Asker: 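Below you will find the structure I want to go over with you.
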Amino acid sequence: MAFNIINEARRCLNCKNPRCVKGCPISTQIPTVIKTFLDGDIDKAGYMLFENNPLSMICSLICNHENQCEGHCVLGGKGAPVHFSAIEHYISDGYFDKLDLGEVEKKGKRVGVIGGGPAGITIAILLARRGYDITIFESREKIGGVLRYGIPEFRLPKSNIERYKKLLVSMGIKIRPNTSIGTTITVDDMFRDGYRAIFIGTGVWKPNTLGIKGESLGNVHFAINYLINPDVFSLGESLNIIGAGNSAMDVARTALRHGCKKVTVFARSEHLAASEIEVEYARYDGVEFVTGVEPMEITEDGVIFVKVEYGEDGSKRQVEGSEKLYPATSTIIAVSQGPRDRIVSTTTGIDVTERGLLVTNTFGETTRDGIFAAGDVVLGAKTVVEAVNYSKQVAEAMDEYLKELKD
């Protein structure tokens with residue numbers, strides 16, 4: 001393994017104007033990291049990665065590399081790009097348990113982090129390192145958010161998330177599991193109890209619906225609900241999946257691993273929204289695809305689809321008389337998701353968009369003083385690395401805000 005990683009690292013051209021860095025949402029200094037690694041200082045390379053992206057170890061496994069760093073590598077034009085994802089994971093994974101963040105001077109200011117997903121973990125680490133007393137409020141029994149409950153084990157081993165939990169606890173960060181803010185405890189309660197600032201990073205866990213007949217049937221489920229715990233679902237031998245994004249690929253590959261014999265993904269357009277590599281993995285796993293169809297009705301026996309055609313101007317029309325039932329024992333709807341409104345409905349002064357997303361400025365400040373937000377609850381369903389990058393900016397803004405508060 002190490003020999004292959006080293007050879008892969010040696011392929012890097014150390015470009016003066018590295019396109020890979022421009023393609024990375026968090027601007028990882030890829031050539032510099034690789035050179036440091038090849039110079040024999042793997043710990044320094046690991047430190048550089050962690051400082052730039054606290055979730056580097058996880059992003060190296062789940063990022064859409066083909067459209068980001070690797071997709072912009074100059075070597076990819078005529079051959080294979082440098083597979084930085086493998087290099088990054090090798091370095092980050094080896095360095096993570098050596099992390100020594102040192103002692104920090106406590107500022108005596110309490111910060112609440114609502115949501116233990118990628119954004120919340122990032123904020124907690126960054127602000128704890130600056131001396132703030134952090135408590136993470138997690139609505140589920142374990143932290144991780146989409147990392148734990150939205151990405152299958154075969155793509156992201158849950159042991160990695162447990163390593164982050166261990167790190168958080170070692171930093172003095174308190175974690176309150178099974179605690180939903182907006183039910184028993186409110187944001188106002190938190191301010192009453194001495195929290196000087198609050199960060200909301202609750203993600204998007206409310207499935208979007210299709211608005212067609214049959215969505216309430218007993219053999220119909222939503223992707224985000226299924227991925228939380230596939231073991232509790234009985235899908236039968238065949239499954240239709242409506243939607244063709246990365247979540248649909250995760251559902252499809254998971255279902256095959258949980259006993260489904262036939263899994264078919266349906267997409268409205270000819271183009272699949274999921275990344276090419278995820279589609280390729282799904283095909284190799286045995287997933288079938290049907291494109292250019294639109295769901296009309298879900299039945300106990302399957303889904304009725306109609307063919308759609310697209311004009312040059314992007315207009316869409318259904319092909320009359322093309323309705324067809326695609327049989328399946330179960331159906332899963334995978335057409336993204338939006339935020340729940342539990343916190344907003346119990347908190348005054350927080351504005352939301354028409355989609356229910358929190359309104360913030362470029363620094364993550366919501367419309368209520370002292371409350372900040374980042375991640376999917378602000379941007380909608382995005383990638384983990386985008387959530388981390390935005391959270392880094394918000395952490396800076398929160399630090400400046402907290403510094404100005406009187407003790």
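Throughout, numbering of the chain's residues begins at 1 and tracks the sequence. All of these numbers come straight from a predicted model, not from anything done at the bench.
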Asker: Can you tell whether the side chains of R283 and E276 come within less than 4.0 Å, N to carboxylate O?
Answerer: no
Asker: Within a radius of less than 6.0 Å around NZ of K392, do more than 12 heavy atoms belonging to other residues, nucleotides or ligands occur?
Answerer: yes
Asker: Is the NZ or CZ atom of R110 both under 6.0 Å from the centre of the six-membered ring of Y195 and within 45° of that ring's axis?
Answerer: yes
Asker: Would you say E386 and T383 are linked by a side-chain donor-acceptor pair, where the criterion is simply a distance under 3.5 Å?
Answerer: yes
Asker: Identify whether the distance between the nearest side-chain nitrogen and carboxylate oxygen of E8 and R11 falls below 4.0 Å.
Answerer: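 A salt bridge is present here (some side-chain N lies under 4.0 Å from a carboxylate O).
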Asker: If you draw a 6.0 Å radius around NZ in K35, do more than 12 non-hydrogen atoms from other residues or ligands fall strictly inside?
Answerer: no
Asker: Among N219, I242, I224, V251, exactly one meets side-chain contact (heavy atoms from CB on, under 4.5 Å) together with I332. Which residue is that?
Answerer: V251
Asker: Is a donor from one side chain sitting under 3.5 angstrom from an acceptor on the other, for T291 and E270?
Answerer: yes
Asker: Looking only at the side chains, is there a donor atom on one of E365 and N361 sitting less than 3.5 Å from an acceptor on the other?
Answerer: yes
Asker: Compute both the distance and the angle, then confirm whether K109 meets the cation-pi test with Y132: under 6.0 Å from the six-membered ring centre, within 45 degrees of the axis.
Answerer: no
Asker: Is it true that E51 and K44 have a side-chain N and a carboxylate O under 4.0 angstrom from each other?
Answerer: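 Answer for the salt bridge query: no.
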Asker: Does the side chain of I333 come within less than 4.5 Å of P207's, by heavy atoms?
Answerer: no
Asker: Whether R129 and D399 form a salt bridge (side-chain N of Lys/Arg under 4.0 Å from carboxylate O of Asp/Glu) is what I want to check.
Answerer: no
Asker: Would you please say whether a donor-acceptor pair under 3.5 Å links the side chains of S92 and S56?
Answerer: yes
Asker: Determine, step by step, whether F96 and Y164 satisfy the ring pair (Phe, Tyr, Trp, His ring centres under 6.0 Å) criterion, reporting the C-alpha distance in whole Å, the side-chain angles of both residues, the deciding distance to 0.1 Å, and the verdict.
Answerer: CA-CA 9 Å; F96 190 83; Y164 271 92; 4.6 Å; yes
Asker: I would like to know whether I151 and R155 meet side-chain contact (heavy atoms from CB on, under 4.5 Å); could you show each step before the answer?
Answerer: CA-CA 7 Å; I151 300 176; R155 283 187 59 207; 3.8 Å; yes
Asker: With no hydrogens and no angle check, do the side chains of Y390 and T360 hold a donor and an acceptor under 3.5 Å apart?
Answerer: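 The answer is yes; a qualifying pair exists.
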Asker: For the aromatic rings, using the six-membered ring if either is Trp, is the centroid distance between Y401 and F372 under 6.0 Å?
Answerer: yes
Asker: T36 and D39: side-chain donor and acceptor closer than 3.5 Å?
Answerer: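 Not at all, the side chains of T36 and D39 share no donor-acceptor pair under 3.5 Å.
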Asker: Given the side-chain rings of F305 and F266, with only the six-membered ring counted for Trp, is the space between their centroids under 6.0 Å?
Answerer: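 Centroid distance F305-F266: below 6.0 Å, so yes.
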